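A quick write-up on the structure given underneath.
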Amino acid sequence: GHSAPPTVTRFYGASCETILTAGHDRSLRSFCVFKDERSKELSQGSILSKSKKLNVSAEELKLSPVTALAAEEIREREWCNMMTAHAGDKHVRLWSTCNSSLSSKPLVPKLNTVVVSAVCLTPMLDLELQSLSPSDGGSHELVEGFLNFLGAAHALRTSFDLVQAYTNVFLKYNRQYLMETASLREKLAELRNLHKDQWADLQRRIQEVVCVTNFLKNVAL
């Protein structure tokens, strides 16, 4: 278990058989309610080997304590399905509960003006994104900031389905304000080009896989 008091505790999955916990010991753990042998610590990478090379303790290389956590069981094998916010950290961290590991890249590496204090993977996302524009109680800065976030997230070329979901909901509620504001129209055009390039790259990769598969199939025959 944890060597220091927990900071966050969440049930995971519809069956509630798993509990996700984070502690002041800077670890993130998964506990199985019925079978203790399934309990484990989620990996933060090659910390032990790095600590030996740098001659520091492994504890110093771990992420700061988790302050907020959100996870979604749906299609857990296909994407990084957990997000965490950390004390003093400006990045949202992505995890895979299926692989019990941390993604090599944070979701928002360019959103570096504030410390992340909350993460969410719920239907409340619709309401939150609907409230960004000035007409719905938000501000120009909020809309522009989220548009910059989408650009940075697309540029990472990872978690495509998650980023696309954010983009679709954001445009659904804020398209009119974006089109009415010249500076935001330019940013939206940049995002569209980035998305087009990313989709073209994805199609190319799919085509390569199809070609290799057909080749191997013909060889086998």
Side-chain angles (χ1 to χ4, degrees), residues 1-14 16-33 39-48 50-51 56-74 76 79-132 137-139 141-142 145-150 152-153 156 158-159 162-163 165-166 169-170:
H2 291 285
S3 60
T7 56
V8 178
T9 302
R10 296 281 187 277
F11 277 106
Y12 174 72
C16 293
E17 294 181 2
T18 302
I19 301 176
L20 299 172
T21 66
H24 282 290
D25 58 0
R26 299 189 175 191
S27 69
L28 181 59
R29 294 178 177 273
S30 169
F31 290 95
C32 180
V33 175
S39 301
K40 55 196 170 186
E41 179 180 353
L42 276 71
S43 171
Q44 296 187 27
S46 307
I47 289 180
L48 191 58
K50 289 179 182 178
S51 67
V56 297
S57 67
E59 199 71 24
E60 294 180 59
L61 298 180
K62 286 187 175 182
L63 297 172
S64 57
V66 173
T67 57
L69 181 154
E72 175 55 64
E73 185 181 25
I74 298 174
E76 62 181 354
W79 62 313
C80 292
N81 62 321
M82 180 164 61
M83 304 165 67
T84 54
H86 298 257
D89 197 339
K90 301 173 182 178
H91 301 150
V92 175
R93 305 292 173 172
L94 297 175
W95 305 74
S96 168
T97 58
C98 187
N99 297 327
S100 302
S101 62
L102 173 69
S103 171
S104 59
K105 296 180 180 179
L107 181 60
V108 199
K110 295 184 180 180
L111 189 62
N112 54 9
T113 56
V114 296
V115 172
V116 177
S117 59
V119 291
C120 181
L121 282 174
T122 74
M124 286 298 290
L125 175 65
D126 276 47
L127 180 60
E128 292 166 0
L129 295 187
Q130 187 177 358
S131 304
L132 289 178
S139 67
E141 289 72 23
L142 283 174
F146 198 82
L147 196 57
N148 290 336
F149 153 71
L150 289 176
L156 283 177
T158 185
S159 300
L162 178 61
V163 176
Y166 273 109
V169 177
F170 174 71

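Bear in mind the structure is a predicted one, so any value in this text is a computation, not a measurement. Index from 1, following the sequence.
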Worksheet item: If every non-hydrogen atom of H86 is compared with every non-hydrogen atom of S64, which pair is closest and at what distance?
Response: ND1-O, 2.7 Å

Item to complete: For E59, enumerate each residue passing the side-chain contact (heavy atoms from CB on, under 4.5 Å) test, keeping only those at least two apart in sequence or located in another chain.
Response: D25, R26, S57, K62

Fill in: Which residues share a side-chain contact (heavy atoms from CB on, under 4.5 Å) with L61, sequence neighbours left out
I47, K50, S51, L54, V56

Discussion item. Would you call the rings of F146 and Y166 parallel, tilted or perpendicular, taking 30° and 60° as the class edges?
Written reply: tilted

Fill in: Side-chain donor/acceptor of E76 to backbone N/O of T97, under 3.5 Å
no

Worksheet entry | side-chain contact (heavy atoms from CB on, under 4.5 Å) against S43, all qualifying residues, sequence neighbours excluded | S101

Fill in: Within-4.5 Å side-chain heavy-atom neighbours: V8 and T84
no

Discussion item. Testing the basics here: between G138 and L142, what is the closest heavy-atom pair and its distance to 0.1 Å?
Written reply: CA-CD1, 4.0 Å

Response to the item:
Between V33 and C16 the two heavy atoms that sit nearest each other are CG2-O, 3.8 Å

Discussion item. Nearest 0.5 Å, please: how far is OG in S39 from CZ in R29?
Written reply: 9.0 Å

Item to complete: Determine the minimum heavy-atom distance between G13 and E73, stating which atoms define it.
Response: CA-OE1, 3.3 Å

Item to complete: Write down the atom of L28, the atom of A22, and the distance for their closest heavy-atom approach.
Response: CD1-CB, 3.9 Å

Fill in: Minimum heavy-atom distance between L69 and R10, given as atom pair plus value
O-NE, 3.7 Å

Practice prompt. Take M82 and L94, measure what side chain to side chain contact (heavy atoms under 4.5 Å, CB included) needs, and give me the verdict at the end.
Written response: CA-CA 6 Å; M82 180 164 61; L94 297 175; over 6 Å; no

